[in-house]
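Structure, as structure tokens:
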Amino acid sequence: VQLQASGGGLVQAGGSLRLSCVVSGGTFSKYVMGWFRQAPGKEREFVAGISWSGVSTFEADSVKGRFTISKDNAKNTVYLQMNNLKPEDTAVYYCAADQSVVGHTLVTLNEVGYDYWGQGTQVTVSS
């Protein structure tokens with residue numbers, strides 16, 4: 001299973017970006033998908049997750065109301081729409097897949113629960 005993240009870049013505060021993560025191999029429609037980020041000097045943190053069915057999503061408090069996660073099973077792709085970006089959103093963003101979840105409404109919040117990781121895409125927000 002391989003994950004390829006893209007869509008990062010440099011944007012001014014208040015702007016928007018959409019990250020994409022294409023998953024190849026495995027059964028994408030049965031994966032819980034998550035987005036994490038890691039800023040310089042900080043630990044990696046959970047940003048948003050979506051259940052394998054797509055009916056449930058969960059966002060960290062720091063991004064709630066600004067970021068939206070979604071998935072397209074036909075394209076084996078998970079997205080992270082980021083609006084009203086702030087300088088503190090600057091980080092490398094990683095997508096991840098958890099193949100072990102059975103419940104169709106469950107979202108994995110802890111990074112140790114994820115089985116596969118993408119390479120990361122840099123998001124830089126200037127003030």
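FYI, side chains are in, hydrogens and waters are out, and symmetry mates aren't considered; it's all heavy atoms of this structure.
- Residue S53 comes nearest to V55 through the heavy atom pair OG-CG2, 3.0 Å, listed as atom of the first residue, atom of the second, then distance.
- Taking 4.5 Å as the limit, every side-chain heavy atom of T121 sits out of range of all side-chain heavy atoms of V92.
- Legend: residues meeting side-chain contact (heavy atoms from CB on, under 4.5 Å) with A97, ordered by chain and number and at least two apart, are L3, Y31, M33, Y116.
- For the ring-ring contact (aromatic ring centres under 6.0 Å, His included) test, no residue two or more places apart in sequence or in another chain qualifies with F67.
- Ring geometry, Y114 versus F36: the interplanar angle exceeds 60°, so the pair is classed perpendicular (tilted spans 30 to 60°).
- Here the closest non-hydrogen pair linking T108 and V101 is OG1-CG2, 3.5 Å.
- Within the structure, the disulfide bond (SG atoms under 2.5 Å apart) test picks out no pair touching residues 58-93 (sequence neighbours left out).
- With a 4.5 Å cut-off on side-chain heavy atoms, V107 and I50 do not count as touching.
- Evaluation of the disulfide bond (SG atoms under 2.5 Å apart) test over residues 22-75, restricted to residues two or more places apart or in two chains, returns none.
- Looking at residues two or more places apart in sequence or on another chain, you find no ring-ring contact (aromatic ring centres under 6.0 Å, His included) involving F28.
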Please step through side-chain hydrogen bond (donor to acceptor under 3.5 Å, both in side chains) for the pair T90 and E88, ending with a clear verdict. CA-CA 5 Å; T90 295; E88 51 263 43; over 6 Å; no

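- Contact between A48 and L80 at its shortest, heavy atoms only, is CB-CD1, 4.1 Å.
- L109 and V32 fall within a single hydrophobic cluster, where Ile, Leu, Val, Met, Phe, Trp and Tyr side chains are chained together by heavy-atom contacts under 4.5 Å.
- Of all non-hydrogen atoms in T105 and S51, the two that sit nearest each other are C-CB, 3.8 Å.
- In this structure, CZ on R37 lies 12.0 Å from CD on Q122, to the nearest 0.5 angstrom.
- Y79 belongs to no hydrophobic cluster with other residues, because no ILVMFWY side-chain heavy atom falls under 4.5 Å from its own, directly or through intermediates.
- For residues 93-121, every residue pair satisfying the salt bridge (charged side-chain N to carboxylate O under 4.0 Å, His left out) rule, not counting sequence neighbours, is listed here: R44-E111.
- Linking ILVMFWY side-chain heavy atoms closer than 4.5 Å, directly or via other members, places V11 and M82 in a single hydrophobic cluster.
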Would you sort out whether V23 and V78 count as a side chain to side chain contact (heavy atoms under 4.5 Å, CB included), showing the intermediate values? CA-CA 8 Å; V23 180; V78 61; 5.5 Å; no

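- Annotation: the span from S126 atom OG to L10 atom CG amounts to 5.0 Å, rounded to 0.5 Å.
- Rounded to the nearest 0.5 Å, atoms CZ (R66) and CD (E59) are 11.5 Å apart.
- Within the model, atoms OG of S20 and NZ of K75 stand 9.0 Å from one another, a figure rounded to the nearest 0.5 Å.
- Its side chain outside the 4.5 Å cluster rule for every partner, V112 clusters with none of the Ile, Leu, Val, Met, Phe, Trp and Tyr residues.
- In Q38, the CD atom is crowded: over 12 heavy atoms of neighbouring residues, nucleotides or ligands sit closer than 6.0 Å.
- Between V63 and V47, the closest heavy-atom pair is CG2-O, 3.6 Å.
- For residues 84-127, the set of pairs meeting the disulfide bond (SG atoms under 2.5 Å apart) definition, not counting sequence neighbours, comprises C21-C95.
- Pairs engaging residues 85-110 under the ring pair (Phe, Tyr, Trp, His ring centres under 6.0 Å) rule: none recorded [sequence neighbours left out].
- Hydrophobic clustering keeps F46 apart from L19 (ILVMFWY residues linked when any side-chain heavy atoms are closer than 4.5 Å, directly or through intermediates).
- Separation of atoms NZ (K71) and CH2 (W52) is listed at 8.5 Å; rounding is to 0.5 Å.
- D61 pairs by the side chain to side chain donor-acceptor pair (under 3.5 Å) definition with K64, not counting sequence neighbours.
- Pairs engaging residues 4-16 under the side chain to side chain donor-acceptor pair (under 3.5 Å) rule: S16-N83 [sequence neighbours left out].
- Closest heavy-atom contact between S127 and A13: CA-CB, 4.4 Å.
- Atoms CZ and OG1, from R18 and T68 in turn, are 11.5 Å apart once rounded to the nearest 0.5 Å.
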